[in-house]
Amino acid sequence: MPELPEVETTRRGLQPHLLGARIVDVDVRQPQLRWPVPADLAAHLRGQQVLALRRRSKYLLIDVAAGSALVHLGMSGSLRLDAVNDPRRTHDHLQLSLDSGLLLRYNDPRRFGSWLWQPAGQSHPLLANLGPEPFADEFDGARMWRLSRGRRAAVKVFLMDAATVVGVGNIYASEALFRAGIDPRRAAGRISQARYCRLAEVVREVLAEAINQGGTTLRDFLRPEGVPGYFAQSLRVYDRHGQACRQCGEPIRRVVLGQRASYYCPTCQR
DNA sequence: CATCGGACCTGTTAGC
DNA sequence: TGCTAACAGGTCCGAT
């Protein structure tokens, strides 16, 4: 479900409620997530004050003095703020009770997400080899061009590789390639530096617009306050198989690349 | 190295 | 209407 805009939207929604709050209790009801929830996670968090809520790639980091809870939402995860008396729902696997009386609940039907512990001053192995953030200076067309030389994989697969840039998942990869006018099937190594510069630009553009709209709600993404994101109405190709291209009217096509559905306009993208 | 397929799960939808 | 298969916003890991 969540790509960078949805995770960032979640972070922004939670921040005012979490910052400075004390975690009075931690309840792990289902520790079997993508990786088992560490047995000592609750002990690390209980009684601690939240010092910051950060995002790196699609991970949320809940900082306390001794380290951070690393939260990944996987495909179907979400975080929700509840009042103490709100009943638990199906697939609520973990909750933090805050001294404000609010509950931070983690819900994840498919359990592809994770809650891990990262001691202060250390970088968790899962974060160690990530590429640059899309809004960092380090991410630009020259970097993509350099990294892609000799690569025969489809440019969409290359764009979704976290070593290229983090945060660009299946929706925004299709959307960015449409905006850049690049055919997603094209070999990454056969694209010019100029086109990669344009691609870097539109990656930032589409992510920024999506964040401003509160993310994309296709089926079930809800912000922590319980409201959907509105970027779905701005999607130009994703999930629009057979529908007219908003730019030229040609039917949008669907093709599978790297085992993921990909959408593109055969005339606008070359 | 780069690339590919499988794995982890449950829920919803498309198609017969 | 009902059953089944395909598919879903992620991404790691091992085999080739």
Side-chain angles (χ1 to χ4, degrees), chain A residues 1-11 29-37 55-60 70-79 89-94 106-116 124-131 144 146-177 185-190 203 206-207 210-211 213-223 228-235 237-242 254-263:
Chain A
M1 160 212 297
E3 301 185 35
L4 185 147
E6 291 72 40
V7 177
E8 180 60 21
T9 295
T10 298
R11 191 191 72 77
R29 308 194 77 98
Q30 170 55 277
Q32 298 307 310
L33 304 182
R34 172 74 200 267
W35 290 283
V37 177
R55 180 191 57 74
R56 169 70 174 119
S57 183
K58 295 171 189 167
Y59 291 91
L60 280 174
L70 276 188
V71 183
H72 198 291
L73 302 177
M75 288 277 263
S76 57
S78 60
L79 289 163
R89 304 183 198 173
T90 311
H91 306 303
D92 279 353
H93 302 314
L94 191 155
Y106 172 73
N107 186 283
D108 187 0
R110 294 180 72 181
R111 287 190 270 134
F112 285 176
S114 54
W115 278 71
L116 297 167
H124 194 281
L126 290 171
L127 301 190
N129 298 315
L130 292 174
M144 276 201 285
R146 198 175 353 101
L147 283 180
S148 63
R149 290 312 87 184
R151 304 274 289 260
R152 281 185 283 181
V155 61
K156 173 162 176 282
V157 174
F158 173 71
L159 181 59
M160 289 178 66
D161 183 342
T164 305
V165 61
V166 300
V168 183
N170 206 34
I171 295 178
Y172 300 109
S174 279
E175 292 299 310
L177 288 164
R185 301 167 298 174
R186 184 174 283 275
R190 294 172 166 265
V203 162
V206 71
L207 294 178
I211 291 168
Q213 303 275 332
T216 299
T217 298
L218 278 182
R219 296 166 186 83
D220 52 12
F221 171 71
L222 292 180
R223 300 162 62 178
Y230 296 106
F231 194 71
Q233 63 196 33
S234 305
L235 296 175
V237 288
Y238 185 82
D239 212 15
R240 298 195 64 245
H241 183 213
R254 179 186 190 276
V255 66
V256 175
L257 298 171
Q259 294 142 237
R260 311 299 299 277
S262 310
Y263 302 87

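Lettering follows sequence order; numbering is per chain, from 1.
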For [X] and [N], give me the distance from atom [atom1] to atom [atom2], rounded to whole Å.
X: N129(A); N: dC12(C); atom1: CG; atom2: P; value: 9 Å
X: D108(A); N: dT11(C); atom1: CG; atom2: C1'; value: 14 Å
X: N107(A); N: dG9(C); atom1: CG; atom2: P; value: 19 Å
X: L127(A); N: dC12(C); atom1: CG; atom2: C1'; value: 14 Å
X: R254(A); N: dC7(C); atom1: CZ; atom2: P; value: 6 Å
X: Y238(A); N: dG9(C); atom1: OH; atom2: C1'; value: 6 Å
X: N170(A); N: dG10(C); atom1: CG; atom2: C1'; value: 10 Å
X: E3(A); N: dG10(C); atom1: CD; atom2: C1'; value: 9 Å

Side-chain heavy-atom pair [X], [Y] within 4.5 angstrom cut-off:
X: Q233(A); Y: Q213(A); result: yes
X: V166(A); Y: K58(A); result: no
X: V203(A); Y: L159(A); result: yes
X: V255(A); Y: R260(A); result: no
X: Y238(A); Y: N170(A); result: yes
X: H93(A); Y: R29(A); result: no
X: L126(A); Y: Y59(A); result: yes
X: P228(A); Y: Y230(A); result: yes

Pick base, sugar-phosphate or nothing for [X], based on heavy-atom distances below 4.0 Å to the nucleic acid.
X: A162(A); value: nothing
X: Y172(A); value: nothing
X: R219(A); value: base
X: R260(A); value: base

* Interatomic distance at P, dT4(C) relative to dC9(B), whole Å ->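 Those two atoms are separated by 23 Å.
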
* Sticking with atom P, work out how far dG9(C) lies from dA14(B), rounded to a whole angstrom. =>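 14 Å, rounded to whole Å.
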
Under 3.5 Å between N/O atoms: give me all the protein pairs with nucleotides 8-12 of chain B, atom names plus distance.
residue : atom : partner : partner atom : Å
dC9(B)  : O3'  : R111(A) : NH2          : 3.0
dC9(B)  : O2   : R110(A) : NE           : 2.9
dC9(B)  : N3   : R110(A) : NH2          : 3.4
dT10(B) : OP1  : R111(A) : NH2          : 2.9
dT10(B) : O4'  : P109(A) : O            : 3.3
dT10(B) : O3'  : H91(A)  : NE2          : 3.3
dG11(B) : OP1  : H91(A)  : NE2          : 2.6

* Does a side-chain N or O from H72(A) land closer than 4.0 Å to OP1 or OP2 of dG10(C), or not? ->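 For dG10(C), OP1/OP2 do not have a side-chain N/O of H72(A) under 4.0 Å.
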
* With under 30° as parallel and over 60° as perpendicular, where do the rings of H241(A) and Y263(A) fit, or are they tilted in between? ->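 Geometry flag for Y263(A) against H241(A): tilted rings.
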
* Asked: Which atom pair, heavy atoms only, marks the closest approach of S114(A) to W35(A)?
  ->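 Closest pair (atom of S114(A), atom of W35(A), distance): CB-CE3, 4.0 Å.
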
* Do NZ/NE/NH1/NH2 and the carboxylate oxygens of D108(A) and R34(A) come within less than 4.0 Å? ->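 A salt bridge is absent here (no side-chain N lies under 4.0 Å from a carboxylate O).
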
* Asked: Counting side-chain heavy atoms from CB outward, which of dT3(B), dC12(C), dT11(C) is closest to K58(A)?
  ->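 Closest nucleotide among those given: dT11(C).
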
* Between the side chains of N107(A) and S78(A), is a donor N or O closer than 3.5 angstrom to an acceptor N or O? ->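 No.
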
* Structure fact -> Dot-bracket assigned to DNA chain C with the 3.5 Å Watson-Crick/G-U criterion, [ ] for crossing and | for other-strand pairs, is .|||||||.|||||||

So which protein nitrogen or oxygen atoms get under 3.5 Å of nucleotides 14-16 of chain B's nitrogens or oxygens?
none

